[in-house]
Each structure stands twice: as structure tokens, then as C-alpha cells.
Amino acid sequence: MCNSVKKLMSQQQMQLVQKGPLSIGDKLPEFFKKAVVTTENGIEITDIDNRYLSEQGKWTVLFWWPKDFTFVCPTEIIEFDNNNTAFVERNAQVIGASTDTEFVHLGWRQNHPELAKLTIPMLADTSKSLAEEMGILDSEEKVAYRATFIIDPNGKIQWVSVYPMNVGRNVNEVLRVLDALQTEELTGCGWTPGQQTVTAKLKEQNAG
């Protein structure tokens, strides 16, 4: 078998291997998608892209759930929305996403009382291209994993977590990590705002 054929087969095999999630330091991929948002006129469908927040100098918390009209997913979406003010205070915007269409998002919001007044956008990755490019598309069900990305104002990913389909997230932990990242210092295990950072302790020791 000639080398060119071997090389082609090797490339094809590599394409069949599921790509792992994007990691720290990777750029958020470019995208242009539909999203369901709440405006003064009610619930509407609008366009959203990867520059939606970075151009405003904001952090982005992009969290994914597997499917609309399920049981674990709304508990997470509602909890992120309940904490939206806390994220805004940290110069961060929360965006939720799944591979459902914008019309499924819209129908779910219209039929779920606790989602009706949602303040965060629901991004529709209908083509599944963004989930696939971010490495969080389940190879069998072709839906997104329960993944969360914290992205800095430069569009770089600074934190990633991926949960199993049946396990819900802890929104307080996402806030804690965002706080830690924004200190730009070393933070110890379980650090929370108000506690001294490792960096501050080292400075004290060196000064003494």
C-alpha cells in the first residue's frame, strides 16, 4: 500500500475519533446562531455570535444542556437565571445552549412557567456544529454534554467542566471559579471571596 493511501486512511480514522472538549487557553470558535431572548416586547428570536460579549469587554459563561423538555435541565437553567444578577455584578453574561432549534426553545419557554420570564439567552445550535467544534457533542445521541465554559473578555476559555447527562451542576461553584479567575492571583483549595489569596500570603511572608 503506497504512503499516500496510508496517509489518507489515517486521516479518515482520526476524523472518526471524537474530539475532546476545548480546554483552557483555546479560543471560543466563531459562530452565528439563533437565540431566544426576553425583550421589552416579550420573548423573541434574535441572532447571536461569538463576539456578542467580547466586544463589550465582558466575561461569558456558556453552559450547555442535552435536551429541552427534560427534567434535570430546567433546574439548572432556572438556577443560572436566579443568579444572573450575581454574574452581571462580575461583568459576566450567562448564555445557555443546546442543540434544539430556536422554535423548540421558544415552545419550551411558553409552556414552562418558570422559564417564561427567563433573562438569559437560550442559544440554538441547530446544526450541532458549535457543540461538535467545542468537543462536547455526544457521539451516539448527538446532543451536547452538560458542559460549562468560562470565557474571558478576549474570547479565551479559562475554565471547563463537563458533567454526565444525569448529574446537575452547582452554579455557586461556577461563581466561585469566576471570582477566583478575576483575582488573577493564586487561590487555595476552596477559596471564596473575602479570604486571603495565596499570592497575598506570599507577599506578606516576603515582606516580613
Side-chain angles (χ1 to χ4, degrees), residues 21-65 68 73 76-102 105-106 108-109 115-136 144 146-162 169-185 187 191-193 197:
L22 293 183
S23 191
I24 296 168
D26 290 333
K27 292 281 286 187
L28 177 66
E30 293 185 3
F31 65 85
F32 187 83
K33 302 286 183 180
K34 297 291 184 182
V36 176
V37 299
T38 300
T39 69
E40 294 179 354
N41 299 320
I43 305 173
E44 298 184 348
I45 296 173
T46 188
D47 295 321
I48 192 170
D49 63 21
N50 56 293
R51 296 167 296 179
Y52 177 69
L53 294 169
S54 61
E55 289 184 343
Q56 302 176 43
K58 294 181 181 290
W59 290 71
T60 304
V61 176
L62 176 59
F63 75 99
W64 294 77
W65 64 87
D68 290 5
C73 300
E76 294 186 312
I77 298 168
I78 292 164
E79 188 63 17
F80 269 108
D81 195 61
N82 287 342
N83 284 276
N84 195 32
T85 299
F87 284 106
V88 171
E89 290 172 349
R90 291 160 172 79
N91 194 38
Q93 169 69 59
V94 178
I95 300 175
S98 79
T99 56
D100 294 282
T101 70
E102 64 271 26
H105 283 340
L106 182 62
W108 196 21
R109 286 199 54 184
L115 296 178
K117 296 182 179 180
L118 206 65
T119 60
I120 60 177
M122 298 176 77
L123 186 146
D125 185 24
T126 308
S127 67
K128 308 178 191 294
S129 60
L130 182 56
E132 185 171 30
E133 194 168 356
M134 297 187 77
I136 57 167
R146 209 174 292 282
T148 311
F149 296 83
I150 295 180
I151 302 146
D152 69 22
N154 296 315
K156 281 190 176 181
I157 295 169
Q158 296 297 339
W159 183 72
V160 183
S161 72
V162 182
R169 280 163 282 209
N170 186 322
V171 176
N172 287 331
E173 174 62 6
V174 181
L175 280 165
R176 189 193 76 83
V177 173
L178 179 60
D179 283 328
L181 287 169
Q182 292 182 342
T183 67
E184 298 184 349
E185 297 183 4
T187 55
W191 176 91
T192 56
T197 65

[X] side chain near [Y] side chain, heavy-atom distance below 4.5 Å:
X    : Y    : result
D179 : T192 : no
K58  : Y52  : no
I43  : V36  : yes
L62  : L28  : yes
L22  : P29  : yes
I150 : I157 : no
W191 : R176 : yes

Main-chain N/O of A35 paired to H105 side chain as donor or acceptor, under 3.5 Å: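 No; zero donor-acceptor contacts below 3.5 Å.
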Under 3.5 Å donor-acceptor, Q182 side chain and R90 backbone: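 Present.
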Given V61, N83, V94, the one that forms side chain to side chain contact (heavy atoms under 4.5 Å, CB included) with V174: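 That would be V61; it is the only one of V61, N83, V94 passing the side chain to side chain contact (heavy atoms under 4.5 Å, CB included) with V174.
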CD/Q56: more than 12 non-hydrogen atoms of other groups inside 6.0 Å: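 More than 12 within 6.0 Å, yes.
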Criterion side-chain contact (heavy atoms from CB on, under 4.5 Å) on D47 and K34, from CA distance to verdict: CA-CA 5 Å; D47 295 321; K34 297 291 184 182; 2.8 Å; yes
Indicate whether the side chain of [X] and that of [Y] have a donor and an acceptor atom separated by less than 3.5 Å.
X    : Y    : answer
N50  : E30  : no
R109 : T38  : yes
R169 : S161 : no

Contact summary for [X] and [Y], nearest pair of heavy atoms:
X    : Y    : answer
A144 : T99  : N-CG2, 4.1 Å
F31  : D49  : O-CB, 3.0 Å
G57  : N91  : O-ND2, 2.9 Å
V171 : F87  : CG1-CE1, 4.0 Å
V160 : V162 : CG1-CG2, 4.2 Å
W108 : C73  : CH2-CB, 4.1 Å

Pairing of D125 and K33 as salt bridge, 4.0 angstrom limit: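 K33 and D125: salt-bridged.
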Carboxylate-amine/guanidinium contact K156 D26, below 4.0 Å: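 Answer for the salt bridge query: no.
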Roughly how far, to the nearest 0.5 Å, is the [atom2] atom of [Y] from the [atom1] atom of [X]?
X    : Y    : atom1 : atom2 : answer
L178 : W59  : CG    : CH2   : 6.5 Å
I151 : N154 : CD1   : CG    : 12.0 Å
M122 : S98  : CE    : OG    : 6.5 Å
M134 : S23  : CE    : OG    : 11.0 Å
E76  : T148 : CD    : OG1   : 7.0 Å
I95  : I120 : CD1   : CD1   : 9.5 Å

Step-by-step side-chain contact (heavy atoms from CB on, under 4.5 Å) determination, F149 to W159: CA-CA 6 Å; F149 296 83; W159 183 72; over 6 Å; no
Trace of the side-chain contact (heavy atoms from CB on, under 4.5 Å) decision for V37 with T39: CA-CA 6 Å; V37 299; T39 69; 3.9 Å; yes
E79 and N170: CA distance, side-chain angles, deciding distance, side-chain contact (heavy atoms from CB on, under 4.5 Å) verdict: CA-CA 9 Å; E79 188 63 17; N170 186 322; over 6 Å; no
